[in-house]
Amino acid sequence: MRGLHQKILLMVIVVVAAVRGEEGGGFVTWANNYYVTWGHQPLVLNETSELQLTLDHTSGSGFESYSIYGSGSFNMKIKAPQTKSTGLVTSFYIQSRSSRHDELCFQILGSIGPPYLLNTNMFLYGEGDKDQRFRLWFDPTKEYHSYRLLWNPHQIVFYVDDTPIRVYRKNPDIYYPSVQTMFIMGSVQNRSIIDPKQTPYTAKFQASKLEGCVTTFFGIEKCTGPTFWWNRKENWQLSSRERKLYTNARKVYLDYDYCSDRKRYPKVPQECRSYS
């Protein structure tokens, strides 16, 4: 998901993209906190605190945070491009920087119409292809919707508009992403041939409420305590209300789960025991 690091500063046009939390580091402006990692230079619009990534027949584009995090609640509002290309992917994710990296990822897949699909993926110590795919209950190209990652020492939760759809809990016998710090990233890219006449495609991002423990590359230990609201005991598991939403989302909208794919995985992957 990463290209060559060009480290081009975004234009300082934005006033406020997110409110800084009392206990964690939210982003103040797009310009001061992100840089282009590959592709086209993004546009930043001041009135809506909106960052736009474009894709044409030559390239897509991506961004990355300057800050690095050891835990947090990362809520990004996204409006995906309207496209007839099923290979177009709009992504929001957090990722560590190592040869055996960790990653938590949302991928909005292009579609000619409903159902609109959202893929979620995880890399655990360099091992990926842990896909769980959902049929979205809305059109992600019509308006903004919220995609949030909760990451603390006890659980990881993927939320869509405050509905939890995927939960990965810490298990003492199984690897859990609690040793590597991560960057916030976003991109739009195409995995198939597209008609140049249909481009450019534009993916729009709003930093709704990005709250995380800003730290150093090897400083994840400072981010594990209850000083940060997302690490407190009430966030170690889903609430009763969230549990009902989660159960319904899995029952109604789950389209694919790698843990149930015996053709691809004759033996159930061991980390599947950590899903709640």
Disulfide bond (SG atoms under 2.5 Å apart) partners of residues 54-101, not counting sequence neighbours, each pair once:
none
Indicate the atoms forming the closest heavy-atom contact of Ser178 with Lys170, along with that distance.
OG-NZ, 4.4 Å
List for me each residue that meets side chain to side chain donor-acceptor pair (under 3.5 Å) alongside Glu271, sequence neighbours excluded, and say none if there are none.
Lys130, Tyr258
Heavy-atom closest contact (Ala203 atom, Thr90 atom, distance):
CB-CG2, 3.8 Å
Anything under 30° is parallel, anything over 60° is perpendicular, the rest tilted; go ahead and classify Tyr35 against Tyr66.
tilted
Determine whether Val179 and Ile174 fall in the same hydrophobic cluster, where Ile, Leu, Val, Met, Phe, Trp and Tyr are linked whenever their side-chain heavy atoms lie under 4.5 Å apart.
yes
With sequence neighbours left out, the residues meeting ring-ring contact (aromatic ring centres under 6.0 Å, His included) with Phe92 are none
Note, Gln206 side chain near Tyr144 side chain (heavy atom, < 4.5 Å)
yes
Applying ring-ring contact (aromatic ring centres under 6.0 Å, His included), name anything that partners Tyr256, two or more places apart in sequence or on another chain.
none
Would you say Arg262 has more than 12 foreign heavy atoms packed within less than 6.0 Å of its CZ?
yes
The ring-ring contact (aromatic ring centres under 6.0 Å, His included) partners of His40 (sequence neighbours excluded) come to none
Please tabulate, for side-chain N and O atoms in residues 108-120, each donor-acceptor pair with protein atoms closer than 3.5 Å (sequence neighbours left out).
residue: Ser111; atom: OG; partner: Gly113; partner atom: N; Å: 3.1
residue: Ser111; atom: OG; partner: Gly113; partner atom: O; Å: 2.3
residue: Tyr116; atom: OH; partner: Asp139; partner atom: OD2; Å: 3.3
residue: Asn119; atom: ND2; partner: Gln107; partner atom: OE1; Å: 2.8
residue: Asn119; atom: ND2; partner: Asp131; partner atom: OD1; Å: 2.8
residue: Thr120; atom: OG1; partner: Gln132; partner atom: O; Å: 2.8
residue: Thr120; atom: OG1; partner: Arg166; partner atom: NH1; Å: 2.9

Determine whether Cys105 and Phe123 satisfy the following criterion, side chain to side chain contact (heavy atoms under 4.5 Å, CB included), listing intermediate values before the conclusion.
CA-CA 9 Å; Cys105 182; Phe123 278 75; over 6 Å; no
Test side-chain hydrogen bond (donor to acceptor under 3.5 Å, both in side chains) on Ser146 and Asp161; report intermediate values, then the result.
CA-CA 5 Å; Ser146 171; Asp161 288 343; 4.8 Å; no
Contact check, side chains of Ile94 and Trp151, non-hydrogen atoms, under 4.5 Å:
yes
Decide whether Tyr125 and Tyr168 are clustered together by the hydrophobic rule: side chain heavy atoms of Ile, Leu, Val, Met, Phe, Trp, Tyr closer than 4.5 Å, transitively.
yes
When you measure from the centre of the six-membered ring of Tyr159, is the NZ or CZ of Arg148 under 6.0 Å away and within 45° of the axis?
yes
Side chains of Val157 and Gln155, heavy atoms from C-beta outward: is any pair under 4.5 Å?
yes
What residues form a side chain to side chain donor-acceptor pair (under 3.5 Å) with Tyr265, not counting sequence neighbours?
none
If you group Ile, Leu, Val, Met, Phe, Trp and Tyr by side-chain heavy-atom gaps below 4.5 Å, do Ile156 and Leu245 land in one group?
no
Verdict with reasoning, Tyr201 to Leu88, per side chain to side chain contact (heavy atoms under 4.5 Å, CB included)
CA-CA 9 Å; Tyr201 296 117; Leu88 193 146; 3.3 Å; yes
Pairs where residues 219-259 contributes a residue and the test disulfide bond (SG atoms under 2.5 Å apart) is met, not counting sequence neighbours:
Cys213-Cys223, Cys259-Cys272
Look at Arg264 together with Asp129 and state whether they make a salt bridge at an N to O cut-off of under 4.0 Å.
yes
Audit row: Leu55, Leu53, side chain to side chain contact (heavy atoms under 4.5 Å, CB included) steps and yes/no
CA-CA 7 Å; Leu55 177 145; Leu53 294 180; over 6 Å; no
Taking side-chain contact (heavy atoms from CB on, under 4.5 Å) as the criterion, tell me which of Gln95, Met122, Gln180 meets it with Glu103.
Gln95
Taking the six-membered ring for Trp, are Phe138 and His145 parallel (under 30°), tilted (30 to 60°) or perpendicular (over 60°)?
parallel
Step-by-step ring pair (Phe, Tyr, Trp, His ring centres under 6.0 Å) determination, Phe158 to Tyr147
CA-CA 7 Å; Phe158 292 70; Tyr147 304 86; over 10 Å; no
Within the 4.5 Å heavy-atom criterion, are Pro153 and Asn231 side-chain neighbours or not?
yes
Contacts of type salt bridge (Lys or Arg N to Asp or Glu O under 4.0 Å), residue Asp257, not counting sequence neighbours
Arg250
Results of ring-ring contact (aromatic ring centres under 6.0 Å, His included) for Phe134 - residues two or more places apart only
none
Side chains of Ile165 and Tyr253 in contact at under 4.5 Å (non-hydrogen atoms)
no
Partner residues of Ser61 under the side chain to side chain donor-acceptor pair (under 3.5 Å) criterion, sequence neighbours left out:
none
Set out, in order, the CA-CA distance, both residues' side-chain angles and the distance that settles side chain to side chain contact (heavy atoms under 4.5 Å, CB included) for Phe106 and Ile78, then state yes or no.
CA-CA 11 Å; Phe106 285 108; Ile78 303 173; 5.9 Å; no
Using a distance-only test with no angle check, is there a side-chain donor-acceptor pair under 3.5 angstrom linking Gln270 and Tyr175?
no
State which residues pass side chain to side chain donor-acceptor pair (under 3.5 Å) with Ser260; sequence neighbours excluded, sorted by chain then number.
none
